[in-house]
There are 2 protein chains.
Amino acid sequence: MTSRTERTRAALQGAALQLFTERGFDHVTVEEVATAAGVSHMTFFRYFPTKEAVVLDDPYDPVLGDAVRAQPAALSPLERVRRALLMAWGTLPEPGEDETRARVALVAGHDGLRAKAWANNQRTQDVLADALVEDGVPPLEAQVAAGACLGALMAALLDWGAGGEGGLGDRISSALGQLAPPPIAEGVP
Amino acid sequence: MTSRTERTRAALQGAALQLFTERGFDHVTVEEVATAAGVSHMTFFRYFPTKEAVVLDDPYDPVLGDAVRAQPAALSPLERVRRALLMAWGTLPEPGEDETRARVALVAGHDGLRAKAWANNQRTQDVLADALVEDGVPPLEAQVAAGACLGALMAALLDWGAGGEGGLGDRISSALGQLAPPPIAEGVP
DNA sequence: TCCACCATGTTAGTGACTAACATGGTGGGG
DNA sequence: CCCCACCATGTTAGTCACTAACATGGTGGA
């Protein structure tokens, strides 16, 4: 059922996560991760383009683009992205909570990993912005809306990973809530 | 007047900017930059901790922290950061417009450079957030406010560097404008 | 003029990442 | 059940960013 490649991939991620958590990202070589997973360092790089990628693997981008398209075009770009992220969060297939926490904690505690995480974010940002641009939103406005929302989301994520208490979902909705337009007296549009 | 270290530093930055622009960041080695500046590669690393740093050198962070503290505490955290960035932009000593453009263009067009730029942004974000926390704003809320504003600002910067027309200042104020609370009929608080 | 110090060079090493080629296990067709 | 083709993997050798330890030389002040 699980093909050989899937098993190898999982073995690499598992070994990497464990070793990085135990000894720190910088004090584990790719060679060691590969050996722990029972392969050579070349195989590692066939699965993950960089040492960081084995920690930062997340393929959610397409879902998010669709979520933006699903929002009513009458809202401001910022509000569309904001609601899209809130909505998508509920539907994403989450891996185990503990594993997610371990990964985010690694990222929060290491400059190089954080840098790469931001780089990934940039791709997500482009996906979100493109979805808006297709609907006629000016590119700069689209990028800004996506950038602001992702900036807020990332802040919540890193804060959680750095040791904050409570559930991740709560933090995300509270973070995005800060970007919400203030309620207009009575009667929501 | 200009000490030897200042001259060497400027020579390295100049050589790097020119070579990177001509041949692309990845196709120039640190060794070549150093040689072009008349020093060895070890001297390069004594001035800049990474190859990317020679492009991403900007020491504005402390100014921004003070700008946040200067905003009235009655405003929302988001609004305080937003106004602080707008205000600080006017007072910053800008290097030559052309050089800035060349640098931002390099960053906009290269994944590794963008990643490091985001990492720098993280430092700036911490400075902004800390200024809020000192005033009693909860840490998560502070990080989110700073993250959202910097996300918007970065989007405007990269869009400009990628070839957008017009002045950088206009883009920045328009980007941050998107995060402004909608005007409350008449009478601004 | 001489001395002390600091910027710089030299050398040697580690580790991430790549390219070219060799090999072996696995699955599907005969 | 066997064979063959293919794909995942290993081997080897190389480049380049970055670091550490030690040697040296020019510059500025006494």
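All chains are named by letter (A, B, ...) in the order of the sequence lines, taking the proteins before the strands, and each is independently numbered beginning at 1. On a predicted model such as this, the values are computed, not experimentally measured, just so you know.
- Atom-to-atom, CZ of A/F48 to P of C/dT18 comes out at 14 Å; the value is rounded to the nearest Å.
- Although no hydrogens or angles enter the test, the distance criterion places a donor-acceptor pair under 3.5 Å between the side chain of B/T21 and the main chain of B/L17.
- Summarising the geometry, the separation between CZ on A/R9 and P on D/dC7 is reported as 19 Å, rounded to the nearest angstrom.
- Atom NE2 of B/H27 is separated from atom P of D/dC16 by 11 Å (rounded to the nearest Å).
- Take the nearest nucleotide of DNA chain D for B/T50 and for B/R46: the residue whose nucleotide is more 5' is B/T50.
- Picking from D/dT9, D/dT19, C/dC17 the nucleotide with the shortest atom distance to the side chain of A/H41 gives C/dC17.
- Of the candidate nucleotides D/dA21, D/dT11, D/dA17, D/dA21 has the atom nearest to the side chain of B/M42.
- Taking the ring pair (Phe, Tyr, Trp, His ring centres under 6.0 Å) definition, one finds that B/W118 meets it with A/W118, sequence neighbours left out.
- As rounded to whole Å, 15 Å separates atom C1' of D/dT19 from atom CZ of B/F44.
- Computed from coordinates, the B/E52 CD to D/dA17 P distance equals 9 Å when rounded to whole Å.
- In terms of modelled atom types and a separation under 3.5 Å, the side chain of B/R103 and the main chain of B/D57 share a donor-acceptor contact.
- With D/dC18, D/dT11, C/dA16 as the candidates, the nucleotide lying closest to the side chain of A/V30 is C/dA16.
- Under 3.5 Å, the side chains of A/Q125 and A/Q143 contain a donor-acceptor pair of N or O atoms.
- The aromatic rings of B/H41 and B/F45 sit perpendicular to each other, their planes meeting at more than 60°, with 30° as the lower class boundary.
- Each of A/V28 and B/T8 was assigned the nucleotide of DNA chain C with the nearest heavy atom; the assignment lying further toward the 5' end belongs to B/T8.
- The pairing partner recorded for D/dA23 is C/dT8, the criterion being a Watson-Crick or G-U wobble arrangement whose two distances lie under 3.5 angstrom.
- Of the candidates C/dG9, C/dA16, D/dA17, C/dA16 carries the atom nearest the A/K51 side chain, counting heavy atoms from C-beta on.
- As a whole-Å value, the separation of B/E6 CD from C/dA7 P is 12 Å.
- Note: NE2 (B/H110) to C1' (D/dA17) measures 13 Å, nearest angstrom.
- A/V33 comes within 4.0 angstrom of no nucleic acid atom, judged by non-hydrogen atoms across all strands.
- Proximity note for A/T43 (side chain, C-beta onward) versus D/dA8, D/dT9, D/dA17: the nearest is D/dT9.
- In this structure, A/Y47 reaches the sugar-phosphate backbone alone: every heavy-atom distance under 4.0 Å involves primed, P, OP1 or OP2 atoms, never a base.
- A/D26 places its CG atom 19 Å from the P atom of D/dA17, with the value rounded to the nearest Å.
- Relative to the side chain of B/F45, the nucleotides C/dG9, D/dT9, D/dC18 differ in distance, and D/dC18 lies closest.
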